[in-house]
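Contents: one structure, followed by commentary.
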Amino acid sequence: MISICDCFEQTVGKDKQWMKEMGICPRCHKYHPLSPEKRIEMLSDGGVFREWDGEIPCSNPYGDEQYAERLLIMRERYHIKEAIVCGEIRICGIRTAIGIMDGRFMMGSMGHVVGEKVARLFEKAMKKKIPVLLFCCSGGARMQEGIISLMQMEKTAAAVKRHSDAGMLYIAVLTNPTTGGVTASFASLADIILAEAGATIGFAGPRVVAQTMGEELPKGFQSAEFQLEHGFLDAIVRRETMKEELSQLFLMHKKEPKNRKTRIIQGKIEIEERARKTRENKQNCSNWEKVKVARMSERPTALDFIEKLFEQFFELHGDRCYGDDRAIIGGIASFHGTPVTVLAQQKGKKSMEDALYRNFGMPCPEGYRKALRLIKEAEKFRRPVICLIDTVGAFCGKCAEERGQGEAIARNLYELSTVTIPILSIIIGEGGSGGALALGVGNEVWMLENAVYSVLSPEGYASILWHDTTKGEEAAEHMKMTAEHMTEMEIIEKVIEEPEPLTKRNMASVCIEMDMEIRKFLFKYEKKSPKTLVRERYERFRKY
């Protein structure tokens, strides 16, 4: 370890041993640095590690004698050769190229050797067709190597791009600190960016910002928690569960076995043999009554359906630009062994606090940009996308307009029109306006029986046409917005039957039908070529 907190001397017994092994203080919960050897021991199957490129000669492009002496001191003091160790391990049986930066050596700064080892890490991983896991820890570019250190930023970024274009997975784990040229190159370019709790992450460090701009920085500025809230991380992981979570992500990105079609066929037959629950005591409801049913607080939310339909859901956060919109949930899940990307609009119904936390299910621009980021990531790894839609509409506040609400929705419509993977959109509650359509560009669009889909909310319709929002009920009767109407107009392909009223307690029958139909969808569309998927999606919307 580089340092230890004051609690260490007061800690005894098992806590002290655990603190040494995990590097986490059991009292103040501070994360302390771990050596590459300790990380390998924690992650690798059996602690087995095969090093790559351990003997690259030192770099001293300016012939700086003080720098040469400093390099020698670092090597002798810590018995390490440079600020990064690279090689290959297995995590739960999956071959993985791993790089671990070591902050003890020149504060983990990136000079020629570090940049060269990172570039070779991705090049070798690409040849071996294996994922990359990189633990980042750096003070930035190595000043003693001048402009050569700066060139490592482009070199490493280009190596990441080549690995990505080959369809390979890259996961970065940002540790304390990750700053400067490392943040502005390979650390921020991963498919999935994780971080350890409390890590400082940024381009210019807090001290540099404070001294340069003369600003008083908020508490926790540039912490991992700060970066998660601002959309730059997918998740914060704990060391105690890191191997388990990384294993889950690697397995979800593992190439599908050749017999996956057979499994889907067998599952399809088994589910089709199950009789559908008969519809009893159905009553014809008015449009307004359907709206009220769709808005019921007892009605299952997207998270309820995710819990029932998918296994091992791993939520990913952030748009990588501004923030993490909690009105849209996204992540990777397993559906009967098939990896899928799930996107969902989530209304907060538990309490007023929950509703405010989810912004009442009304997404902001960063929500749509997060969704698009995850869809493009799904396209790279050939994962189907399943969208669960439930929103009164996109958030129309001043802040959303300032951040480009219209452009964000338009960009989704533009990009999703040519995505080369199957997209299924299911309206589970309200499908309001462009805020719903931004996730509704599916190869097929389905609705739950009592869901509604409309150009605008009834209240908004009444406001525009009659300048009176209290006439929502009257407006609803003018609008064709029910699943029955959508079927008649051929806007949707399927209606999922539901009991009346649908609640969390009786949603099992709905989930059985959804499960069966999603299996059919995956089986049907996995046989289609990317060109066919794009052409059919275009023709689907072209006919209206």
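Given the structure is predicted, the values throughout are model-derived calculations rather than measurements. Numbers for residues simply follow the sequence, beginning at 1. Values reported hereafter were calculated over all heavy atoms of this structure, with side chains retained and with hydrogens, waters and symmetry mates removed.
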Taking [X] first and then [Y], would you say they form a salt bridge - that is, a charged N and a carboxylate O separated by under 4.0 Å?
| X | Y | value |
| --- | --- | --- |
| R75 | E82 | no |
| E366 | R369 | no |
| K380 | E377 | no |
| K308 | D304 | no |
| D319 | R373 | no |
| R162 | E123 | no |
| R238 | E196 | no |
| E402 | K398 | yes |
| E116 | K155 | yes |
| D354 | R326 | no |
| K124 | D53 | yes |

Q | Heavy-atom pair with the smallest gap, counting every atom of L416 and A438 | A | CD2-O, 3.8 Å
Checking the side chain of [X] only, and the main-chain atoms of [Y] only, is there a donor and an acceptor separated by less than 3.5 Å?
| X | Y | result |
| --- | --- | --- |
| S334 | P339 | no |
| S247 | E245 | no |
| S188 | A184 | no |

Q. Rounded to the nearest 0.5 Å, what separation is found between the OG atom of S425 and the CD1 atom of I389?
A. 4.5 Å
Q) When rounded to the nearest 0.5 angstrom, what distance separates OH in Y368 from CG in D325? A) 8.0 Å
Q.
Applying side-chain contact (heavy atoms from CB on, under 4.5 Å) to M42 and M242, what does each step give before you reach the verdict?
A. CA-CA 9 Å; M42 290 169 59; M242 186 173 291; 5.8 Å; no
Q: Could you check S44 against R39 for side chain to side chain donor-acceptor pair (under 3.5 Å), going step by step and ending with a plain yes or no?
A: CA-CA 8 Å; S44 177; R39 289 200 184 274; over 6 Å; no
Q.
Using side-chain heavy atoms (C-beta onward) and a distance below 4.5 Å, is Q248 in contact with K243?
A. no
Q. Does the ring center of Y78 lie less than 6.0 Å from the ring center of F105?
A. no
Q: State yes or no: are the ring centers of F186 and Y170 separated by less than 6.0 Å?
A: no
